[in-house]
Amino acid sequence: MTTADARDPDGVPEGALVLFSGGQDSTTCLADALERFARVETVGFAYGQRHAVELDCRPRVREALARLNSAWAGRLGDDHVIGLDALGQISDTALTRAVSIEMKAGGLPNTFVPGRNLVFLTFAAALAYRRGLRHIVGGMCETDFSGYPDCRDDTVKAMQVALNLGMDSRFVLHTPLMWIDKAETWRLAERLGGAGLVALIQEETHTCYLGERGERHDWGYGCGVCPACRLRADGYARYRAGVRGPAVPAED
């Protein structure tokens with residue numbers, strides 16, 4: 001779908017709201033949305049995350065995307081940051097507390113913040129409603145992920161139904177990364193923005209759960225050992241090697 005295809009039934013060009021954290025996945029989703037929609041706004045969430053440095057990366061990534069492609073610059077609209085401190089206050093996880101990252105008895109890593117994506121999508125939809133945006137884009141993925149239940153396709157589809165019923169709207173939730181792995185995410189970035197977008201993701205985006213930006217690896221900045229870094233590093237290595245197929249799980 002091209003920008004010309006993103007039109008409502010009356011032929012009016014449509015806009016989108018992208019859940020934008022400043023990480024690799026959401027940056028790729030933002031670039032994809034800028035190709036597809038006539039107007040694209042972004043929303044980020046401050047929920048007391050341990051890796052709050054990602055919030056500092058967001059404006060730099062947006063500015064770099066605008067410099068990379070003049071058409072994208074013309075479509076990139078307002079940015080919004082919503083404070084959700086309550087989510088961090090009720091979550092006892094490695095993303096909201098200074099504790100070691102490990103697997104829990106139920107098979108989920110303790111980086112899982114219960115309800116996070118459900119809350120994000122709800123607030124994004126409320127914002128989209130006010131801003132007159134029908135399309136909502138998120139980087140949820142069921143292929144290379146840590147087993148988070150709120151990243152599953154069924155969850156997103158159920159949320160779309162609930163949001164449309166609860167707001168009497170016709171939102172469409174888009175998850176362009178849902179069925180691709182991290183190597184293919186790097187390839188998608190290259191298809192969208194060439195070597196320039198790949199380099200932008202390497203240099204400006206943030207993925208590391210520990211908020212580490214001191215060491216520069218070939219895939220970007222991060223501690224290199226947390227699950228998020230390992231997924232990103234493995235995907236980059238397979239992308240560079242031209243390897244296709246499932247990745248090695250990030251958790252032991």
Side-chain angles (χ1 to χ4, degrees), residues 18-32 34 42 44-69 72-73 76 79 81 93-102 109-111 139 141 143-146 176-177 180-244 247-252:
V18 178
L19 278 66
F20 178 56
S21 68
Q24 174 188 0
D25 291 350
S26 66
T27 298
T28 305
C29 287
L30 177 53
D32 186 60
L34 288 167
T42 53
F45 301 97
Y47 60 98
Q49 59 264 54
R50 188 174 178 182
H51 54 304
V53 65
E54 68 179 4
L55 298 175
D56 298 328
C57 295
R58 296 176 72 259
R60 296 199 300 270
V61 174
R62 280 175 46 94
E63 291 167 5
L65 282 169
R67 291 194 302 269
L68 186 64
N69 185 311
W72 292 356
L76 186 59
D79 182 40
V81 177
T93 77
L95 286 194
T96 55
R97 302 284 188 274
V99 297
S100 61
I101 297 174
E102 57 188 26
N110 65 348
T111 52
C141 173
T143 306
D144 274 0
F145 77 138
S146 298
L177 310 184
I180 66 176
D181 62 18
K182 280 291 185 291
E184 190 58 35
T185 300
W186 284 104
R187 293 187 188 101
L188 175 58
E190 183 179 7
R191 290 195 298 271
L192 290 167
L197 181 55
V198 172
L200 185 162
I201 290 171
Q202 289 170 297
E203 191 64 32
E204 299 294 351
T205 68
H206 182 82
T207 298
C208 177
Y209 283 159
L210 302 184
E212 175 60 53
R213 288 194 67 81
E215 183 175 358
R216 171 65 155 81
H217 308 269
D218 55 356
W219 44 266
Y221 292 90
C223 69
V225 296
C226 75
C229 283
R230 290 167 62 188
L231 276 174
R232 178 165 168 162
D234 178 74
Y236 183 77
R238 289 185 291 117
Y239 155 69
R240 293 292 295 171
V243 175
R244 297 178 184 271
V248 176
E251 283 80 33
D252 295 329

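Reckoned from all heavy atoms, side chains included, excluding hydrogens, waters and symmetry mates. Residue indices begin at 1 and follow the sequence shown.
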Check your understanding: Hey, which of Leu19, Thr42, Leu192 is the one that makes side-chain contact (heavy atoms from CB on, under 4.5 Å) with Leu30?
Key ->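 Filter result, single survivor: Thr42.
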Considering non-hydrogen atoms only, spot the tightest contact between [X] and [Y] and give its length.
X: Ala189; Y: Ile201; result: CB-CD1, 3.6 Å
X: Cys57; Y: Gly22; result: CB-O, 4.3 Å
X: Asp56; Y: Pro59; result: O-CD, 3.5 Å

Are the side chains of [X] and [Y] in touch, meaning some heavy atoms are under 4.5 Å apart?
X: Thr205; Y: Arg232; answer: yes
X: Thr27; Y: Phe20; answer: yes
X: Leu55; Y: Gln49; answer: yes

To the nearest 0.5 Å, tell me how far [X] [atom1] sits from [Y] [atom2].
X: Glu204; Y: Arg213; atom1: CD; atom2: CZ; answer: 7.0 Å
X: Gln202; Y: Leu197; atom1: CD; atom2: CG; answer: 10.0 Å
X: Thr185; Y: Gln24; atom1: OG1; atom2: CD; answer: 6.0 Å
X: Trp72; Y: Arg67; atom1: CH2; atom2: CZ; answer: 13.0 Å
X: Lys182; Y: Leu177; atom1: NZ; atom2: CG; answer: 7.5 Å
X: Cys229; Y: Trp219; atom1: SG; atom2: CH2; answer: 3.5 Å

Check your understanding: What class does the angle between the rings of Trp186 and Tyr236 fall in, given that below 30° is parallel, 30 to 60° is tilted and above 60° is perpendicular?
Key ->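 If you compare the ring of Trp186 with that of Tyr236, the planes turn out perpendicular.
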Exercise for review: Among residues two or more places apart or on two chains, list those pairs meeting salt bridge (charged side-chain N to carboxylate O under 4.0 Å, His left out) that have a residue in residues 187-198.
Suggested key: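 Salt bridge (charged side-chain N to carboxylate O under 4.0 Å, His left out) check on residues 187-198 returns Glu184-Arg187, Glu184-Arg191.
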**Study point:** Pairwise salt bridge (charged side-chain N to carboxylate O under 4.0 Å, His left out) hits with a residue in residues 214-224, at least two apart
**Key:**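 Counting only pairs at least two positions apart or across chains, the salt bridge (charged side-chain N to carboxylate O under 4.0 Å, His left out) contacts touching residues 214-224 are Glu203-Arg216.
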Practice item. Look at the side chain of His217 and the backbone N and O of Gly222, then say whether any donor-acceptor pair between them is shorter than 3.5 Å. Key: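 Yes: the side chain of His217 pairs with the backbone of Gly222.
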**Study point:** Heavy-atom donor-acceptor pair, Ser26 side chain to Ser21 backbone, under 3.5 Å
**Key:**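 Checked: pair present.
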**Study point:** Salt-bridge contact Asp234-Arg238 (side-chain N to carboxylate O under 4.0 Å)
**Key:**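 Salt bridge between Asp234 and Arg238, a charged N being under 4.0 Å from a carboxylate O: yes.
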